[in-house]
Amino acid sequence: MRTLSYAQAIREAHAQLLASDARVFVIGQGLWSPWYAGSSLEDLDQEFSCARMVDTPVSESAASGLALGAALAGMRPIVFHPRMDFMLLALDPIVNQAANWSYMFAGQVSAPLVVRAVVNRGGEQGAQHSQAVHAMFMHVPGLKVVMPSTPYDAKGLLIAAIEDPNPVLYIDDRWLYGATGPVPEAMYQVPIGRAALRRKGSDVTLVGISFMAAEAVKAAETLAGEGIDAEVIDLRSLKPWDQEMVIESAQKTGRAVVADPGWRTAGASAEIAAEISAQAFRELRAPVERVTLPDAPAPTSRTEERAYYPGAADIAEAARRTLKRPASKEAAA
Amino acid sequence: MRTLSYAQAIREAHAQLLASDARVFVIGQGLWSPWYAGSSLEDLDQEFSCARMVDTPVSESAASGLALGAALAGMRPIVFHPRMDFMLLALDPIVNQAANWSYMFAGQVSAPLVVRAVVNRGGEQGAQHSQAVHAMFMHVPGLKVVMPSTPYDAKGLLIAAIEDPNPVLYIDDRWLYGATGPVPEAMYQVPIGRAALRRKGSDVTLVGISFMAAEAVKAAETLAGEGIDAEVIDLRSLKPWDQEMVIESAQKTGRAVVADPGWRTAGASAEIAAEISAQAFRELRAPVERVTLPDAPAPTSRTEERAYYPGAADIAEAARRTLKRPASKEAAA
Amino acid sequence: MIHETYSTNWLLARWETMTRIRRAEEAIAQMVERGEARCPCHLAIGQEAVAAGVCAALTRRDSVWGGHRSHGHYLAKGGSLEGLFAEILGKETGCSGGRGGSMHLAAPEVGILGTVPIVAATVPLAAGAAFAYRMRGEDRVAVSFFGDGALEEGALHETMNAAALYRLPVIFICENNLYSSHLHWSERRVADNLDKAGEFHSIPGDRVDGNDVVAVYEAALAAAGRARAGEGPSLIECRTFRWRGHVGASYDLDVGVKRRGELSQWIERDPIARVQAALSRRFVRGMDERRAEIDREIQGALEAARRAPSPPPGRVLEHVWQEAACAR
Amino acid sequence: MIHETYSTNWLLARWETMTRIRRAEEAIAQMVERGEARCPCHLAIGQEAVAAGVCAALTRRDSVWGGHRSHGHYLAKGGSLEGLFAEILGKETGCSGGRGGSMHLAAPEVGILGTVPIVAATVPLAAGAAFAYRMRGEDRVAVSFFGDGALEEGALHETMNAAALYRLPVIFICENNLYSSHLHWSERRVADNLDKAGEFHSIPGDRVDGNDVVAVYEAALAAAGRARAGEGPSLIECRTFRWRGHVGASYDLDVGVKRRGELSQWIERDPIARVQAALSRRFVRGMDERRAEIDREIQGALEAARRAPSPPPGRVLEHVWQEAACAR
Ligand SMILES: Cc1ncc(C[n+]2csc(CCOP(=O)(O)OP(=O)(O)O)c2C)c(N)n1
Ligand SMILES: Cc1ncc(C[n+]2csc(CCOP(=O)(O)OP(=O)(O)O)c2C)c(N)n1
Ligand SMILES: [Mg+2]
Ligand SMILES: [Mg+2]
């Protein structure tokens, strides 16, 4: 199979959707510029015209509302927010309106809106350009939330999001744009709500979200070298999330680490840890560990950024704790 | 001690703060009208002038930003949102700005802003006038979040919120406005971050938030009649929350029910259940139970509202489950 | 005033629409007073000419979008009376399946994809529907009804910029009833110039007597013409007044809103009485029977709504998500 | 053009401020090119007259509020060079303690309570500070600097309404550099009339040549006068141009933004050269030494910033919450 980068896979999904479905268009801030979407939307304006790749004024709320209105009127828009932080200016159309529309009118009107938000962290950008607030949206009934970590899922989940009759929040992470992997050329869907088993294992379950799913895979390799056989689940969908796969795995291994690129308190990791703790109550042999951002805004300086962002080493360390293995030397240092 | 209603206690806190601190003012939509704040702000405009009780145009974002700017410039504003749903239009000033301000400038500038949001549910108002989305804000570093359930705490927490140098989200619930209780006449603070033990017990810990804390007290009475001795903790503060009291209690009783007036998935109850499960891992004798709203927007019709909102009976039932007691007859019916 | 060029039939049709709205809302007021309607109801009694005049300029395929005070929009566009009453009573047969109450009305079959009570929320949605029409090359117009208060929400200004930029076939109808809940306009802004709200975006603005159904109709027709001709959005400020209070059946005088003087002046400018006067000048007969017929229609719809079942509690989780998109 | 009524000293002071900004930003551009500065830097080279002209009309106790492109505002208001460089290098001695980088600058001692990069975010904050001044009866003015793009955000329009309604001592300075990142104004709106942005709220609007420091100063002084006299807000559109790209050191020509022709025209209208020409017409000498002096100052600040320590990683959780409010 071909290999594509994560950004290329997102671009291809857009291109194929635009080519195959006249109802699809993209609207939002930064579509025509390399600053905002990286290569994930490159030249789509030239390929499909600026009329279907609508780069808007700096008006997050109206752009999102416009997209929702078009969706209610039968289109399949993707509204683009180059940083999740900016999307917070559009909470009314997303949370009050899109999420509730089907329910409020007892299913008479569909809101097939895709909201795409990019997590764009690090690079000394600081508190207002780095936020990963997926947990806020995971909380909202009526929304679906997906966070792919591989090129394959990046393409398949975007297509699934467009096909879904409900509002879907699609969150990609710039830190994954360069990651490569096999991606079929044809259009395909990755089912929303199903996790992916990235590695079978028997000692501990690592549940990863988005970038942290990729880190969990790395952590599992490290752990394998120490004789720890980790099972790795990439959640892919946050709402609904694949309780079945996660719970079964935790019941099997008796240990779990949840790795989330968001903040800790009341984050996605809390939901997953709470459910594992309840549903695998008998089988768990250690408390569920959560590896998350600390409860602090993003700093800017490189030294503080390094201290701030967790990664594979932290996941491995948490896995060792569930197994009561001694901390690794680096971690101890 | 005097007895006041919850609404009167809120009003008294406002009045005393306005009288004693020239930096305090209230700004927001609906201050001069009985429709929005119930009696919780009654006649304060006449007592303290419309210049300090600023009823604004319908501009949630600007009103919140104005309040924040005034706070940065040394005032102690309370920005009022008569429904939490409307506050979603002001997420930028609250989440991107107020919450981050201290951190972004390394503590050089304080943002002593109180954001007051009213949860105003039921009454067939439906999906956009009923939301209790405190969990979204509990997730945000830099904010504090309090949710009083008694008149005493309603007064003491508002005063504490004003005294706090950080942005504090103060959430009150219209369903509690008529509740009465003892309230000292003098000004006093209820410390932010400390829960209240409402009932000592040994069989199961009921952790309640806001309206559901009041329901938990009722549930404990019912349970007492069945020989179940429940300990009831009113969380009062969501961020930071009193892990010490909650965890110690859960360790003691070995059983816990978290009762939250918000939605289930990724809600406040998830955080509390996850922490109890992890920190009382050895002591827990049953999975932590969560009593929450279902993952659905608020309906309107009375029949559906009744099915939608949980209460004391649901808490009692959850407690019985932790003790493997048979379900009560009504619940089974 | 009532222009002579309009046929008697045309005037009668407007009179009928306005009277149906008036009588339906008076029935709702009674339901509120009796405690039979429990959801918050915002009545537009006194403002009927705006809904009736605008919708007369539209086709069934055009869409209208409203807010918390939208009974009139819903009825003028052709929504069913029984669906409205049933919705307000929280019945399964309501136009929103009993999920919305007075503040959330839908009638997709006549171009109402939803009215919701977050102030200004449907304004960008209307523009988005217009965006869809323009993209698909359809000859359709979207109308956004909103109040004077809605112009205080930033999203409305963002939307006007977008509508002008994309030359959207959208009409912004500002129903300026001088109040936003308890606050008079002068407590909320410095200038009485809402017709100029779109000027910054070169959106033509018109100010009309919102109690003159012909004036409203003509302005809306001109705006619809521009929209259909690809000339983009228009804004119409319709000056009017709600007789009843902000919410519920009372007249606001009970809650300290000082508008007694204004109220009596505006009641004299009753939009229905004005059309009726024109009709009587033309010696049109049978107005009493016509009114009685409307009342029978209302009574019938109300009784049907009362008989309808409430939604069964067991289905409260339905429609959070859809399995398949509704055909549109 | 440069008015004859201004003293040589006055003109020299403006020249010095603008030159300090220019040279500091050129140094920052080099730091970006070398990879020494890693945070996103938005340079205002070419726009110096706006910051310098406005701040000349203010006192130390007045506050200014900015956004992502605020090096000039910070320096013109009196922020320290070393604090700026250290911040951009992510050092503990930075004006924001190394927590903000170029996009988050603070200098409370000279009235900068924070600049942040969410477009339009500080506009309501500036109005809020003005609200505080008015409430306390202080003779202070708040200035809100924002770009042409910021007028597309609804919050800005909400804020203008509030500022007009409460007659706040706030000045809205729109630095119209014709672009919002890669988009020319004509791709974002239909009319070139940003000076009219406040008209709907009766806010007086002025359009000035933003590359003429005297014109900017005079407009700002008039606006500050109105604010201090209790006459409320003003808006000034300063037409200018950024020479460099939206972000970073390059000229944008690399990323397909077609503005080569415009750029060379605007470089000819260099605001610093214009003052310098006026000074040379007055036979002011020693300009080279003055420039060398500024460069030495910059070099010294830069070296001090380089020597300063990075924040220790162990303190990354500090200042999420404060124990006690900062004195203000
Ligand atoms: C975002 C938001 N803020 C506040 C409210 C509360 N509210 C409901 S109706 C209303 C007044 C609206 O006034 P206007 O737009 O003039 O419409 P009218 O009621 O006069 O028809 C307000 C403030 C709301 N529903 N939504
Ligand atoms: C709310 C928000 N949306 C989008 C962005 C991305 N962004 C950063 S700067 C900018 C352009 C702003 O243009 P303008 O206001 O004209 O200022 P200029 O860059 O020209 O100085 C944009 C869109 C942002 N920072 N914040
Ligand atoms: Mg009104
Ligand atoms: Mg610009």
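First the proteins, then the strands, lettered A, B, ... as listed; each starts at 1.
- Neither the backbone nor the side chain of A/A90 has a heavy atom closer than 4.5 Å to any heavy atom of chain B.
- In this structure, chain B has heavy atoms under 4.5 Å from both the backbone and the side chain of A/L284.
- Interface remark: of the candidates A/N100, A/T265, A/L238, A/T265 forms the most heavy-atom pairs closer than 4.5 Å to chain B.
- Residues B/I94 and A/L88 have side chains not in contact (no heavy-atom distance under 4.5 Å, counting atoms from C-beta outward).
- Counting heavy-atom neighbours within 6.0 Å of A/R194 CZ, excluding the residue itself, gives a total of 12 or less.
- Using a 4.5 Å cut-off between heavy atoms, B/M138 touches chain A through backbone and side chain atoms alike.
- Heavy-atom distances place both the backbone and the side chain of B/P299 under 4.5 Å from chain A.
- Across B/L91 and A/M136, no two heavy atoms sit closer than the pair CD2-SD, 4.4 Å.
- Of the listed residues (A/A266, A/G262, A/G142, A/A274), the greatest number of heavy-atom pairs within a distance under 4.5 Å of chain B belongs to A/A266.
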- Query: Taking it one step at a time, do B/R290 and A/E275 satisfy side chain to side chain contact (heavy atoms under 4.5 Å, CB included)?
  - Reply: CA-CA 10 Å; B/R290 295 155 70 184; A/E275 285 302 319; 2.9 Å; yes
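- B/Q97 touches chain A through backbone and side chain together, each having a heavy atom under 4.5 Å away.
- Within the 4.5 angstrom heavy-atom criterion, only backbone atoms of B/A298 (N, CA, C, O) approach chain A.
- Against chain B, the residues from residues 120-129 of chain A that qualify, each with a non-hydrogen atom under 4.5 angstrom away, are A/A127, A/Q128 in number order.
- A distance-only check finds a donor-acceptor pair linking the side chain of A/N96 to the backbone of B/D85 [under 3.5 Å].
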